[in-house]
Each structure stands twice: as C-alpha cells, then as structure tokens.
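The block underneath contains the structure these notes are about, expressed in structure tokens.
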Amino acid sequence: MLAALVLTGLLLQVSILPLVAGGGFTPDLLIVLVVVLTLEQGPRTGLWVAAVSGLLADLALTTVPLGSTMLVQVALAYVIGLLRPYLSERADLTTAVLAGMTGVVAVLSHGALAALLSAQEPPAGEVVAWSALVVGAFAILLAPLVLIVVRRTLAGTEASASEVPA
Amino acid sequence: MNRRRVWGLFVALVLTALVLITIDFREDDVVADAGRDAASVGLAPFERGLSRVVSPLRRLGVNVADLFTTRSENQRLRDEVAELRERRRAYADLERELADVRALLGFRDDLGLTTTPARVIAVSPSNFEWTMTIDAGERDGVVRGMAVVEANGLVGRVLSTTASASRVLLLIDPNFSVAARSVSTSALGLVDGRGSDAMRFGPLDPRAVLAEGDELVTATFPGSAVPSGIPIGRVISQDERSSRLTSVFRVLPFVDAARLDHVLVVLAGPAPIVPPFEDSDDLDDGLDVEADGDAG
C-alpha cells in the first residue's frame with residue numbers, strides 16, 4: 001500500500017501539481033508524503049519512502065543529479081524521525097508546520113546541492129529563497145490532505161489485515 | 001536497538017545516494033541513463049492517462065487565469081490610455097507654449113529689443129476697461145510707460161507697477177494712444193483704442209491715402225518709451241467720419257488681447273544706428289588755443 005501511495009504521489013507530482021504552480025514554483029508533494037509517513041509510521045518507513053520516492057523523482061527528472069533528491073529526502077526523514085518521540089501523536093497542526101519547514105529546508109538543500117554539484121550556473125539565491133517560501137507554504141496547505149489520505153489508506157490496510165484469520 | 005537500526009539504514013541510504021550521485025557524474029554514465037530511460041518508459045503510460053484526465057482541468061485553469069489577467073490587463077490598459085491622453089493634452093499645451101515663447105524670442109531678436117519676460121496673471125473683468133496684470137514689476141526693471149509686446153506686435157503700455165507685478169493698458173483700450181507710421185506710405189499719425197470696436201488711425205496729413213491691408217508700426221517721438229517699428233495692426237477700411245480736413249482709418253490689431261499668455265516688457269529699444277553727437281574735448285581745446293592766440 002505504501003508503494004501505491006508513493007507511486008500516486010510521484011504521478012501527481014509530475015502531472016497535476018505543476019498546474020497549481022504559484023509564481024512558477026511547483027509544490028513538493030513527495031516531501032510532504034515523507035514527513036507524514038515518517039510521523040505516522042515511524043523513521044524506518046519514513047527512510048524507505050524517502051529513499052524510493054527520491055530515487056523515482058530523480059529518475060523522472062533529468063536536470064538534477066541522480067541520487068540528489070534521494071539524499072535530501074533521506075536526511076530530512078532521519079531528522080524528522082529523531083524529532084518524532086518528542087511530538088504528541090496526531091498533532092495535525094504540528095505535522096503541517098513541520099511539513100512546511102521541511103519543504104523550506106528541502107528547497108534550500110536542493111539549491112545548495114545544485115550549487116555544489118551542477119556544472120552549470122547555480123540558481124540565484126533570491127530565486128531559491130522565494131522558491132523555498134512558496135514550497136513551504138504549499139506544504140503547509142497540502143499536509144492536512146495528505147494526512148487524511150494516508151490515515152484512511154493505512155487504516156483500510158490494517159483493517160483488512162486484521163480480518164485475515166490467524 | 002531500534003535507533004541503531006534506523007541509524008544503520010540511514011547511513012546505508014545516504015551512501016547509496018552518494019554512490020548514485022558519483023555514478024551520475026561519470027561521463028559514460030550508462031547506468032543512470034538506463035535508469036532514467038526505464039523510468040521514462042514506465043511512467044509514460046501513467047503520465048499520458050493522467051494528462052488526458054487533467055488536460056480539461058489544465059485548459060480550464062489556463063482560461064480562468066486568462067480571464068483574471070484579461071480583466072487586470074484591460075484595466076491596466078485603460079489606465080495607461082487615460083494617462084497617455086492626459087500627457088498628450090499636457091504635451092500639446094507645452095508645445096503651444098514653446099511655440100509662443102520661441103516666436104516671442106524671435107520677435108525680440110528681430111527688433112533688437114532689450115526686454116524682460118512676463119506671464120499674464122490676470123485680465124480686467126470689466127467691459128469698459130481693457131487692462132491686464134503681468135508677473136513682472138519694479139524688481140525686474142519695469143517702470144510706468146514701458147511698451148509691452150508679444151510675438152505678433154504691440155500689446156500695450158505699463159500703467160502702474162508694484163515690486164513684482166504690473167498693470168498693462170491694452171492697445172484696444174479707449175485711453176490708449178500711440179504714434180504710428182504706415183509701412184507702405186510712411187504716413188505718420190496716431191492710433192487710438194476703441195474697446196471692442198476696431199482701433200482708429202488718424203494721419204497727421206489729412207490727404208494721406210491708405211489702402212486696405214496697409215500695416216501700421218509704432219513711430220518714435222521724443223519722450224516716448226515705445227520703440228519704433230513694433231507692429232500694431234492692419235488697415236481694414238476708411239472710417240465713415242473722414243472728411244476733407246480729417247481722414248480716419250479703421251485698424252485691426254495684430255495682437256489678440258483675449259489670447260495673451262507670455263509677453264515681453266520692453267526695457268530699452270534697439271541701439272541707434274547713428275550714434276549721438278559727442279562733445280569733443282579736442283575741439284574745445286582747439287577753440288581755447290585760438291582764443292588765447294587772438295588774445296595774444
């Protein structure tokens with residue numbers, strides 16, 4: 001079920017979300033998914049989801065070095081996993097704020113990686129800063145929706161698993 | 001224990017990512033290209049399907065965005081048109097003013113006058129008095145009796161002054177009178193204002209004959225502050241009151257008193273072509289010597 005969530009998230013990321021781009025900046029659904037799944041399912045699941053979705057995103061995009069999105073998402077998933085014990089359960093507002101902050105840090109990390117790794121001229125600092133703010137705002141808005149979808153999907157999976165006779 | 005596992009997994013994934021980045025940086029990057037090709041092939045059907053579902057939404061989004069931008073664009077263009085119209089009006093006004101000032105300066109240079117510029121700031125509201133107020137006064141060197149001109153010719157004469165303004169009696173006022181000369185016949189006479197009626201020109205020589213269209217200019221006479229040669233007006237007809245002893249002509253002034261804006265106050269006329277006689281000290285000395293010689 002997690003694979004379906006990740007794949008759906010990736011497809012939405014490359015097809016629909018560019019339509020709602022604000023000021024030329026596309027929302028980052030995958031990082032929101034990573035945050036939500038790390039908080040809901042634990043750091044291990046979060047790390048796997050971060051790695052797989054990051055790798056798929058890198059494969060779907062040709063302009064970023066392969067593995068860079070994966071590296072950023074894995075690092076952020078680990079940090080969120082470390083924070084998880086200190087956060088109260090089902091604190092939706094906290095999740096949304098954390099998703100927003102993670103979105104900002106993810107864009108800044110991508111900008112830093114691009115400056116370090118790209119042979120071409122890196123994006124301007126102002127562009128990166130604006131992108132980080134817009135993506136962070138989008139992440140705050142997307143987090144409640146992603147939370148609802150993830151909880152319902154995982155609840156359905158757990159219910160069907162519990163119905164299977166031992 | 002769980003923490004160590006998580007740490008181990010994290011390190012492994014980070015290393016994997018770093019290895020992938022390293023591989024991707026190699027020039028003969030077959031693995032990364034193959035992976036990207038595979039992802040492209042694998043995702044393509046899903047992307048196509050979603051694109052079909054999403055394309056009406058995309059068009060709707062674009063149309064809605066266009067609607068908003070069209071409205072705002074329309075408003076922006078309306079504002080711009082209004083601003084340009086306003087600018088065009090201001091520009092036309094400035095252009096007219098510039099033409100006036102240029103003509104005025106050309107007129108001054110042609111006649112070799114020493115002048116000070118002034119703007120008309122008020123016009124007499126009375127129907128029986130044709131005066132105006134200008135923004136040049138004693139501070140600018142203006143004194144009573146000085147001629148006021150504009151590009152077409154004589155405007156009037158300074159009636160009274162304050163430090164920063166002056167009142168000008170217009171040439172059409174019934175109290176205005178100036179010595180004039182016919183350009184074609186050189187007939188001398190006086191031009192008088194008649195208010196809203198045409199001015200009158202009375203030649204000193206009653207036998208003088210002037211034709212319609214003859215132009216009159218100012219003539220100089222001792223004590224007058226009005227320099228010679230300033231255009232006054234054009235003869236339009238002979239007055240019915242002319243007789244054997246007197247002839248009077250109706251004159252239309254060149255200056256439109258209702259459309260005055262920039263004027264010049266004539267501080268001094270042109271320098272005389274023939275310099276005035278000077279007292280010769282040598283001649284006096286010579287005479288003295290002769291007188292002494294006679295005495296001797």
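Lettering follows sequence order; numbering is per chain, from 1. Worth saying up front: this structure is predicted, and the values here are computed from it rather than measured.
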Using every non-hydrogen atom in the two residues, find where [X] and [Y] come nearest and quote the distance to one decimal.
X: B:A17; Y: A:G67; value: CB-O, 3.5 Å
X: A:M70; Y: B:L20; value: SD-CD1, 3.8 Å
X: A:L47; Y: B:L13; value: O-CD1, 3.5 Å

Side-chain contact test, heavy atoms from C-beta onward, threshold under 4.5 Å: evaluate it for A:L66 versus B:I23 and give yes or no.
->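 A side-chain contact is absent here, since even the closest heavy-atom pair is not under 4.5 Å.
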Among B:I21, B:T16, B:T22, residue most engaged with chain A (heavy-atom pairs, under 4.5 Å) =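 If we count pairs closer than 4.5 Å to chain A, B:I21 comes out on top.
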Flag yes if more than 12 heavy atoms outside B:R96 fall under 6.0 Å of its CZ atom; otherwise flag no.
->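 Check passes, neighbour count above 12.
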Near B:R87 CZ, under 6.0 Å, is it more than 12 heavy atoms from other residues, nucleotides or ligands?
->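 Result for CZ/B:R87: open.
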Would you please classify the geometry between the A:Y78 ring and the B:F10 ring as parallel, tilted or perpendicular, with 30° and 60° separating the classes?
-> parallel
Please look at A:L56 and chain B and tell me whether the side chain, the backbone, both or neither of the residue comes under 4.5 angstrom of a heavy atom of that chain.
->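 Interface part for A:L56: neither.
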